[in-house]
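For reference, the structure discussed in these notes is given below.
Both ligands and their constituent atoms are indexed starting at 1 by order of listing.
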Amino acid sequence: MSSTVAGTGQPLDHWCKTQGAAPAVVDLVDAIAGGCAEIATLLHAAPLRGLTGASAEVNIQGEVQKHLDIMTNDIMMRRLKPLAAVACLVSEEEDHVVPGQPNGRYCVAFDPLDGSSNIETNSTIGTVFSILDVGEGVADEAGVLAAYSKQVAAGYVLYGPAALMVINVGDDTTMLAFDPAGGDFEVVQSGIKVPADAAEFSINMSYQSVWHADTARYVSECLEGKAGPRGKSFNMRWAGAMVADVHRVFVRGGVFIYPAMNKKGSEEGKLRLLYEANPMAMLIEGAGGMAIANATPIRELKPNSIHQRVPLAMGSKNEVALLKEYAEGR
Ligand code: P6P
């Protein structure tokens with residue numbers, strides 16, 4: 001994919017319809033986009049309003065909630081919960097499944113503000129969402145988990161210098177940019193393709209001492225560069241926000257890794273299956289990449305809880321295939 005994009009004039013809802021998305025899904029995507037536009041505006045004013053720090057609250061993950069974690073969750077709940085199509089909602093910031101409307105058919109699972117540790121440094125953060133076809137009136141954990149593979153749409157909005165959305169509603173993975181003047185997202189790059197090969201990896205190197213041997217092998221071979229078995233040099237990036245690191249993969253290829261570790265509490269990595277790994281996997285696979293948890297494709301997993309964590313590697317398929325091969329040997 002070229003790194004230069006430009007507006008095509010095609011608005012989000014029109015693009016969704018060209019992709020064959022059901023009208024109710026188009027409405028949900030539109031509501032999500034409106035929530036993200038509101039979040040983008042809130043983030044720009046946050047330093048002036050003293051909102052970049054931590055609240056007194058702790059979420060079910062045991063993580064201190066930032067003021068913006070709570071406020072962005074409230075925005076998404078307010079925008080989505082009243083919609084007729086919403087059966088229920090799952091949020092990183094909500095302990096349990098939140099019921100929507102009695103005849104709703106879809107569950108929207110989301111992380112309202114991914115990477116919130118980046119807020120205080122004014123670094124890139126984002127909103128990640130997944131839309132599951134759970135069936136009419138389903139609003140319990142078992143019903144949501146049973147519909148894990150019925151993901152009909154997935155996407156994220158990256159709040160960087162620009163607010164960019166990357167979304168898939170069943171076919172293409174496409175990028176849209178938010179136009180503050182028009183108040184809508186506009187297609188800037190459709191049919192994104194992740195290059196099969198890459199020379200850039202993304203992992204938090206500070207955990208090197210607790211990696212499993214397969215992760216350590218992959219990274220050390222990358223670091224050996226031209227003289228090593230890979231025969232080429234690699235660059236490394238770690239943004240501290242999954243949305244930023246995965247977005248880079250869409251722009252120029254690469255692999256994003258948050259592995260299982262020999263560390264209490266990180267045996268299954270850190271990232272959540274339902275509202276981080278599964279939506280990102282749909283986007284990546286829709287762009288010709290690969291997304292795995294240890295050696296299993298993320299789409300083939302059977303979740304056991306709504307806040308379940310999974311190890312993951314996703315991006316350029318030839319790099320992820322090597323990680324898969326090494327993980328099979330674990
Ligand atoms: P670490 C943000 O908190 C997040 O959930 C992801 O967005 C990000 O990739 C990861 O955690 C960063 O984790 O261990 O490097 O702080």
Side-chain angles (χ1 to χ4, degrees), residues 36 39 43 52-55 57-70 72-73 76 90-94 109-130 154-160 164-166 200-212 215-216 219 236-251 254-281 283-284 291-293 298 305-315 320 323:
C36 293
I39 289 170
L43 294 176
T52 58
S55 73
E57 307 298 323
V58 177
N59 66 18
I60 194 170
Q61 333 274 347
E63 297 162 338
V64 173
Q65 291 178 299
K66 302 287 196 294
H67 290 301
L68 288 173
D69 284 326
I70 296 167
T72 54
N73 186 58
M76 297 301 280
V90 169
S91 167
E92 178 181 334
E93 305 307 335
E94 299 285 347
F110 58 89
D111 179 358
L113 206 58
D114 170 63
S116 45
S117 58
N118 280 355
I119 294 170
E120 61 186 356
T121 59
N122 195 40
S123 303
T124 305
I125 45 185
T127 298
V128 188
F129 62 88
S130 168
Y156 61 80
V157 172
L158 187 67
Y159 309 109
L164 291 179
M165 177 187 282
V166 173
E200 195 162 54
F201 66 94
S202 186
I203 191 169
N204 184 330
M205 295 292 285
S206 70
Y207 300 130
Q208 191 165 358
S209 62
V210 293
W211 289 340
H212 288 291
T215 302
V219 174
M236 193 281 283
R237 285 282 185 275
W238 187 252
M242 178 188 201
V243 284
D245 286 315
V246 173
H247 189 74
R248 190 181 50 254
V249 169
F250 285 117
V251 173
V255 58
F256 173 73
I257 309 165
Y258 207 108
M261 293 187 270
N262 292 307
K263 175 171 176 268
K264 186 167 170 31
S266 299
E267 297 84 351
E268 296 304 322
K270 175 181 181 183
L271 302 179
R272 289 73 171 190
L273 174 53
L274 213 57
Y275 41 81
E276 288 173 330
N278 197 30
M280 289 302 196
L283 296 171
I284 287 281
I292 60 175
I298 285 170
S305 73
I306 58 172
H307 296 299
Q308 176 180 345
R309 298 175 192 265
V310 284
L312 58 84
M314 53 177 67
V320 178
L323 279 155

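Nearest heavy-atom pair across Pro112 and Ser91 is CD-OG, 3.7 Å.
Of the possible donor and acceptor atoms, one in the side chain of Asp245 sits under 3.5 Å from a partner among the backbone N and O of Ala239. The closest donor-acceptor contact from the side chain of Ser55 to the backbone of Gln65 lies under 3.5 Å. Here the side chain of Asn118 pairs a donor or acceptor atom with the backbone of Thr124 at under 3.5 angstrom.
The environment of CG in Asn122 is sparse: at most 12 heavy-atom neighbours from other residues, nucleotides or ligands sit within 6.0 Å.
Residue contact check: Phe256 has heavy atoms under 4.0 Å from atoms 9 (O) of ligand 1. Set against the non-hydrogen atoms of Asn204, the atoms of ligand 1 under 4.0 Å away are 1 (P), 14 (O), 15 (O). The distance from ligand 1 to the heavy atoms of Met242 drops below 4.0 Å at these ligand atoms: 6 (C), 7 (O), 8 (C), 9 (O). Contact atoms of ligand 1 toward Tyr207: 1 (P), 14 (O) (distance under 4.0 Å to a heavy atom of the residue).
Taking distance alone, with nitrogen or oxygen atoms compared against 3.5 Å, Asp114 approaches ligand 1 more closely than that limit. In terms of polar-atom proximity, defined here as any N/O pair under 3.5 Å, Ser117 makes no such contact with ligand 1. For the pair Asp245 and ligand 1, the shortest N or O to N or O distance does not fall below 3.5 Å.
Nearest protein heavy-atom neighbour of atom 5 (O) of ligand 1: Leu271 CD2, 3.4 Å. In this structure, atom 16 (O) of ligand 1 lies nearest to the protein heavy atom Lys270 NZ, 3.6 Å.
Using bins of under 30°, 30° to 60° and over 60° for the plane-to-plane angle, the ring pair His247/Tyr156 lands in the perpendicular bin.
Here the side chains of Met314 and Met242 are in contact, with some heavy-atom distance below 4.5 Å.
The residue Val243 has no part lying near ligand 1, judged by heavy-atom distances below 4.0 Å.
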